[in-house]
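Here the structure is laid out as structure tokens; the discussion comes afterwards.
If you're wondering where the values come from, they're calculated on a predicted model, not measured in any experiment.
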Amino acid sequence: MTEAASHLQEAAPDRPATRAALYLRVSTNRQAEHDLSIPDQRRQAERYCETKGWQIMAEYVEPGQSATDDKRPEFQRMMDAALHGGSPFDVVLVHSFSRFFRDQFQLEFYVRKLAKADVRLVSITQDLGDDPMSNMIRQIMALFDEYQSKENAKHVLRAMKENARQGFWNGALPPIGYRTVEAEKRGAKIKKKLEIDPIQAETVRLIYRLALRGTSDSGPMGLKSITKHLNENDIRTRDGGRWGIAAVHQILTRTTYIGEHRFNTYDSKAKRAKPEAEHVVMDVPPIVTNDEWQAVQAHLKARNPKWTPPRTVSGPTLLTGNAFCASCGGAMTLRTGKGGRYRYYTCSTRARQGRTGCSGLTVPMGKLDTAVASHIEDRLLHPRRLTTLLSEVLERRDDYIARRRTHITELRRRASEADAKLKRLYEAIENGIADLDDPALKERVAELSAIRDQARSDAERAAGAIERAGPELTAEKVKAFATAARKRLRKSDGTYRRDHLRAVAQRIEVIDKTEARIMGSRTALLKTLTAAGAQTAAGGVPTLELKWRTR
């Protein structure tokens with residue numbers, strides 16, 4: 001009996017060894033380059049397989065990938081091999097379940113997918129069985145891993161936001177026109193800031209000039225025209241590529257170029273923009289002025305199909321989108337007669353509904369175009385008329401500057417007083433009158449230092465606001481304004497520029513065949529004059545959206 005059993009045992013085939021695939025992961029590229037985490041995980045996995053008598057069939061290394069989602073190349077390659085590769089291994093071996101996933105739902109989802117292919121997930125440091133109790137423990141561990149991951153992300157984001165508040169760069173590729181430079185060293189960490197890249201910054205300024213004035217003062221250019229101009233003139237991107245509309249639009253809308261770089265603006269997981277309250281504004285050197293940036297935003301908004309119909313921007317008529325019927329408020333649209341020989345502005349309501357809809361009228365296009373453009377050129381853009389229109393705005397500007405200067409004087413007085421008190425305290429310490437170790441003295445020094453530094457900072461900020469407001473508007477500057485604007489209103493062939501006219505007059509209401517009402521915004525008028533090339537800061541004056549009206 002013993003001999004028969006021995007014979008059967010010798011004849012039985014050896015049980016095949018368990019085949020294992022190693023999955024090794026670290027979260028960041030820095031860990032992959034500098035830490036020993038991957039080699040340490042590999043060494044422990046090899047020792048574990050040797051102890052168990054398992055055979056290592058494959059190794060999947062994921063350097064610098066987060067485990068909060070499944071968007072990992074090696075992870076996907078491993079899953080594809082396990083599910084569709086003909087069962088090349090029986091076990092996926094990880095150092096801990098957090099190396100596989102830091103999301104409890106995703107972990108269980110992929111564990112079940114592996115189980116359907118007869119593949120088990122095994123952890124070296126969290127060795128569990130397949131019974132219900134072990135499954136529950138694994139799920140609890142996954143919940144803790146997910147919580148820890150979210151807490152770590154929260155603390156990292158908080159540190160990065162504070163880093164941005166202090167003016168330091170958090171990494172990634174800087175916006176075009178800037179480069180990073182080492183600012184200071186804190187322990188082993190090197191803090192970096194943004195500085196202007198003189199070569200690429202000139203490209204940024206060129207894009208803004210094209211958006212505001214075009215080439216040779218041809219008038220403002222749109223995104224497509226700017227992109228085409230850059231590519232036709234062999235002006236390359238930072239990496240030597242060709243320009244696209246999206247890249248040009250980003251440059252023209254990014255507040256970084258006026259010295260306000262915004263951090264924490266987008267939620268990459270939710271794929272949506274974050275509320276503005278969560279943004280962190282980081283001070284950087286500006287490349288363009290605030291007036292130029294604001295003028296470009298107004299220009300882009302006017303050309304945006306969400307705000308202005310496409311035909312209003314690119315239509316063939318001078319007053320497209322600006323002329324309205326005074327009776328019903330409907331748009332005046334183009335109508336032709338005699339095979340296109342005659343062109344008219346007609347009330348759209350009357351054209352659709354007849355006299356029952358509106359009693360509006362039809363006006364010859366050339367007559368209305370000439371009347372409106374000539375009035376703007378000869379009357380509105382006359383120096384005396386401009387001074388009258390802008391007098392209230394300029395008075396507000398003067399009051400604003402006067403209040404700012406008074407405030408600056410008071411802040412500087414407070415800073416000087418705090419500095420004088422600090423000097424007296426330091427003299428008392430040097431003369432042995434006061435004890436430096438006295439807690440009350442330390443508290444007083446800190447308080448006075450804070451008052452002095454805050455007052456100086458507030459004074460500098462207020463002085464910067466006055467500088468942005470610019471110099472006083474004189475009669476000579478108003479005259480230069482008017483001359484430049486009138487010159488740019490006409491093209492070289494004598495016809496009028498639609499963009500310039502629309503910027504000055506936003507609405508023309510046709511009352512009858514002899515009268516029309518021209519309306520516009522004083523703020524828009526100031527911005528237009530600034531963009532026309534006159535050097536004044538009126539465009540930066542904080543004003544209300546007051547309307548001017550002429551007959």
Cation-aromatic face contact Lys192/Phe168, 6.0 Å, 45 degrees | no
Could you go step by step and tell me if Leu93 and Tyr23 meet the side chain to side chain contact (heavy atoms under 4.5 Å, CB included) rule?
-> CA-CA 6 Å; Leu93 185 63; Tyr23 182 69; over 6 Å; no
Taking all non-hydrogen atoms of both residues, which atom of Ile196 and which atom of Pro286 are closest, and how far apart?
-> CD1-O, 3.4 Å
Is there a side chain to side chain contact (heavy atoms under 4.5 Å, CB included) between Gln41 and Val26 once you walk through the steps?
-> CA-CA 10 Å; Gln41 289 180 49; Val26 290; 4.0 Å; yes
Check: Glu430 side chain, Leu425 main-chain N or O, donor-acceptor pair, under 3.5 Å | no
In Å and rounded to the nearest 0.5 Å, what is the NZ to OG1 distance from Lys193 to Thr180?
-> 13.5 Å
Nearest-0.5 Å distance that lies between atom CD1 in Ile258 and atom CD1 in Ile287 = 11.5 Å
Answer yes when Asp234 and Arg236 have at least one side-chain N-carboxylate O distance shorter than 4.0 Å, and no when they do not.
-> yes
Nearest-0.5 Å distance, CG of residue Leu194 to CE of residue Met282 | 4.5 Å
Compare all side-chain heavy atoms of Lys191 with those of Gln166 and state whether any distance is below 4.5 angstrom.
-> no
Between Arg205 and Glu202, is the closest basic N to carboxylate O distance under 4.0 Å?
-> yes
Shortest non-hydrogen contact from Leu300 to Leu252?
-> CD1-CB, 4.0 Å
Cation over ring, Arg99 on Tyr60, under 6.0 Å and within 45°?
-> no
Under 3.5 Å: donor-acceptor pair, side chain of Trp243, backbone of Ile235 | yes
Distance (rounded to the nearest 0.5 Å) between Arg238 CZ and Asp197 CG | 8.0 Å
To the nearest 0.5 Å, what is the distance between CG (Leu422) and CG (Leu448)?
-> 4.5 Å
Counting distance only, does the side-chain N/O of Asn231 pair as donor-acceptor with the main-chain N or O of Arg242 below 3.5 Å?
-> no
So, Gln126 side chain and Phe97 main chain: donor-acceptor pair closer than 3.5 Å or not?
-> yes
Side-chain heavy-atom pair Phe109, Asp103 within 4.5 angstrom cut-off | no
May I ask you to check whether Glu410 and Thr406 show a side-chain donor-acceptor distance below 3.5 Å?
-> no
In terms of side-chain geometry, is the basic nitrogen of Glu417 or Arg413 positioned less than 4.0 Å from the acidic oxygen of its partner?
-> yes
If every non-hydrogen atom of Ser449 is compared with every non-hydrogen atom of Tyr426, which pair is closest and at what distance?
-> OG-OH, 4.5 Å
How long is the gap from CG on Leu441 to CD on Glu443, to the nearest 0.5 Å?
-> 10.5 Å
Asn163 versus Phe263: any side-chain heavy-atom pair under 4.5 Å?
-> no
Report yes if the side chains of Val61 and Glu74 come closer than 4.5 Å at any heavy-atom pair, otherwise no.
-> no
Please report the C-alpha distance between Lys421 and Arg452 in whole Å, then the side-chain angles of each, then the deciding distance to 0.1 Å, and finally whether the side chain to side chain contact (heavy atoms under 4.5 Å, CB included) criterion is met.
-> CA-CA 10 Å; Lys421 290 178 181 178; Arg452 179 196 61 190; over 6 Å; no
Going through the distances and angles, do Leu212 and His299 end up as a side chain to side chain contact (heavy atoms under 4.5 Å, CB included)?
-> CA-CA 8 Å; Leu212 291 172; His299 178 61; 5.7 Å; no
Determine the interplanar angle of the Phe101 and Tyr110 rings, folded into 0 to 90°, and report it as parallel if under 30°, tilted if 30 to 60°, perpendicular if over 60°.
-> parallel
Any salt bridge between Arg424 and Glu427, counting N to O under 4.0 Å?
-> no
For Thr256, does its backbone N or O pair with a side-chain atom of Tyr178 as donor and acceptor, under 3.5 Å?
-> yes
If every non-hydrogen atom of Lys185 is compared with every non-hydrogen atom of Ile190, which pair is closest and at what distance?
-> CG-CG1, 4.3 Å
Which atom pair, heavy atoms only, marks the closest approach of His261 to Val284?
-> CB-CG1, 4.0 Å
Is a side-chain donor or acceptor of Glu62 paired with a backbone partner of Phe75 at a separation under 3.5 angstrom?
-> yes
Kindly indicate whether the side chain of Gln200, heavy atoms from C-beta on, has any atom under 4.5 Å from the side chain of Pro175.
-> no
Which pair of non-hydrogen atoms, one from Ala164 and one from Asn170, has the smallest distance, and what is that distance?
-> CB-ND2, 3.9 Å
Side chains of Val281 and Arg262: does their closest heavy-atom pair fall under 4.5 Å?
-> yes
Any side-chain heavy atom of Tyr257 sitting closer than 4.5 Å to one from Glu292?
-> no
Any donor-acceptor N/O pair, His279 side chain to Lys274 backbone, under 3.5 Å | yes
Could you tell me whether a side-chain N or O of Asp438 sits under 3.5 Å from a main-chain N or O of Ala440, the two making a donor and an acceptor?
-> yes
Got a donor-acceptor contact below 3.5 angstrom from the Gln297 side chain to the Trp293 backbone?
-> yes
Return yes if some donor-acceptor pair links the side-chain N/O of Thr255 with the main-chain N/O of Glu260 below 3.5 Å, else return no.
-> yes
Validation row: Thr237, Thr203 side chains within 4.5 angstrom (heavy atoms) | no
